[in-house]
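Computed over heavy atoms, backbone and side chain alike; hydrogens, waters and symmetry mates excluded. First listed ligand is number 1; within each ligand, the first listed atom is number 1.
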Amino acid sequence: MTHFPVAIIGAGPAGLTLAHLLHLQGIESIVFEQRTRKEVEETVRAGILEQGTLNLMRETGVGARMEKEGDHDEAIDISINGERIRVPLTELTGHKVAIYPQHEYLKDFIAKRLEDGGELLFSTTVYAVEGFDGEQVTVVYTEADGSSTTITADYVIAADGSNSPYRKIITDGEGIRARHEYPYAWFGILVEAPKTQKELIYATHPEGFALISTRTDTVQRYYLQCDPNDTPEMWPDDRIWEQLHLRADSPGITVSEGKIFDKAVLRFRSAVTDPMQKGRLFLAGDAAHTVPPTGAKGLNLAVADVSVLAPGLARAIKNKNTTLLDEYTALAVPRVWKAQHFSYWMSSMLHTVPGEDHFATQRRFAELRSVLGSEAGQRYLAEQYVGRDLPRFEV
Ligand code: DHB
């Protein structure tokens with residue numbers, strides 16, 4: 001039977017980044033992904049990379065295309081009922097962010113993994129994981145052709161997204177899963193249009209939130225707050241443009257229009273799993289925690305998880321020293337809570353609660369104006385937005 005030091009379930013940001021970081025430590029892994037490579041590379045997701053994620057891409061040899069094609073931003077705008085306030089991220093923090101969609105990030109890591117000769121199996125379903133409480137894990141999987149294979153591994157990492165079935169192994173025991181639901185969602189569109197402006201605009205208005213994001217010189221990404229039960233049919237193009245202009249236009253800025261070629265509703269929810277480990281099973285990324293999209297912290301949190309997990313696994317496998325690995329939950333969970341807080345806080349300041357009265361709307365606007373009206377407030381927001389440095393551990 002073939003043995004791998006590490007088996008990784010899921011080729012998303014957590015799984016692929018982990019496989020790459022382990023490879024740099026000389027540790028081989030096998031990555032299982034249920035979807036096809038095409039599906040992984042084409043799924044539309046959020047697009048902000050924090051400074052720490054940018055540094056990791058650069059330092060580990062995966063940053064070349066991001067450097068060239070990413071939109072490197074030094075500021076965001078926040079628009080309160082048409083009053084636009086600039087937050088100079090780089091001036092306040094020394095850090096930048098890049099608009100580089102998740103699927104582009106994944107393309108780069110997939111290409112690198114294959115170039116490095118890594119085991120990366122698409123269209124593959126894992127249907128049994130056993131022995132994580134013992135000396136060795138057994139993983140049974142089937143490939144697209146129906147053939148079934150069993151391998152063994154020292155450790156198994158569930159990095160298979162927010163519906164991970166492996167989380168139950170932890171939450172059915174001592175573990176907890178803390179959740180929060182939000183009374184709103186986002187309606188996301190992709191549109192063939194020139195940029196409205198270089199930097200992102202987070203806009204709030206008594207009718208709701210809107211986000212003007214970018215993709216390329218000819219394709220833009222916009223979001224509108226909507227009801228969680230809305231469907232794309234409820235958002236004909238006319239309604240989209242009317243609401244985008246109403247919520248996000250401001251003096252000197254008119255949201256640029258064009259052909260809409262993708263419409264989708266994005267759910268809002270928060271969840272945190274604690275602990276993120278049981279025996280030889282570890283959760284990483286969305287399998288462990290979900291954040292609402294405001295601020296686009298999801299990918300960055302996944303990268304932070306594996307920045308602890310990779311050196312932890314490397315020490316355990318190479319040096320037989322599990323002290324860092326044993327600290328995984330203690331190191332990862334507080335960071336997850338901080339990201340939850342930031343995403344929740346930004347969401348609550350920027351979104352209308354259904355049925356919200358004049359008092360509630362004006363109080364929200366006043367909170368935004370208070371934060372943005374003080375340099376300390378702006379710096380606090382900017383620091384959270386660009387993110388903290390990633391954890392760094394020597395092996
Ligand atoms: C994008 C998504 C976000 O959630 C965000 O805060 C900013 C940008 C995006 O997809 O471009």
Can you name the closest pair of heavy atoms from Ala316 and Tyr155 and give their distance?
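Scanning both residues, the minimum pair turns out to be CB-OH, 3.6 Å.
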
Please could you name the atoms of ligand 1 that [X] approaches to less than 4.0 Å, counting only its heavy atoms?
| X | value |
| --- | --- |
| Leu200 | 7 (C), 8 (C) |
| Tyr223 | 1 (C), 2 (C), 9 (C), 10 (O) |
| Tyr202 | 5 (C), 6 (O), 7 (C) |
| Ile48 | 5 (C), 7 (C), 8 (C) |
| Ala46 | 2 (C), 10 (O) |
| Trp186 | 3 (C), 4 (O) |

Would Trp186 and Tyr222 count as a ring pair (Phe, Tyr, Trp, His ring centres under 6.0 Å) if you check the C-alpha gap in whole Å, the side-chain angles of each, and the deciding distance to 0.1 Å?
CA-CA 10 Å; Trp186 279 4; Tyr222 300 153; over 10 Å; no

When you check the gap from the basic side-chain N to the acidic O, do Glu50 and Lys297 get nearer than 4.0 Å?
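A salt bridge is present here (some side-chain N lies under 4.0 Å from a carboxylate O).
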
With a 4.0 Å cut-off on heavy atoms, is Arg215 in contact with ligand 1?
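Heavy atoms of Arg215 do come under 4.0 Å of ligand 1.
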
Under 3.5 Å, is there a donor-acceptor pair between the His23 and Arg113 side chains?
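Short answer, yes.
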
Record the part of Tyr385 in heavy-atom contact with ligand 1 below 4.0 Å; permitted values are side chain, backbone, both and neither.
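It is neither part, as no heavy atom is under 4.0 Å.
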
One residue to check: Ala296. Relative to ligand 1, which of side chain, backbone, both or neither has a non-hydrogen atom less than 4.0 Å away?
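Both backbone and side chain.
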
Calculate, to the nearest 0.5 Å, the distance between atoms CD and OG belonging to Glu192 and Ser256 respectively.
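Interatomic distance, Glu192 CD to Ser256 OG, rounded to 0.5 Å: 12.0 Å.
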
Nearest protein heavy atom with distance in Å, relative to atom 11 (O) of ligand 1:
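Here the closest protein heavy atom is Ser213 OG, 2.5 Å.
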
Return the residue, atom name and 0.1 Å-rounded distance of the protein heavy atom closest to atom 4 (O) of ligand 1.
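Nearest neighbour among protein heavy atoms for atom 4 (O) of ligand 1, to 0.1 Å: Pro293 O, 2.5 Å.
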
Taking both backbone and side-chain atoms of Gly295, is any N or O found less than 3.5 Å from an N or O belonging to ligand 1?
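Min N/O separation from ligand 1 is below 3.5 Å for Gly295.
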
For Lys198, the option from Asp77, Asp73, Asp217 that meets salt bridge (Lys or Arg N to Asp or Glu O under 4.0 Å)
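The option that passes is Asp73.
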
For the backbone of Lys168 and the side chain of Arg177, can you confirm whether one donor and one acceptor N or O come within less than 3.5 Å of each other?
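Checking the backbone N and O of Lys168 against the side chain of Arg177, no donor-acceptor pair under 3.5 Å is found.
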
Examine His180 together with Tyr182 and report whether their ring centres are nearer than 6.0 Å.
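They qualify: ring centres under 6.0 Å apart.
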
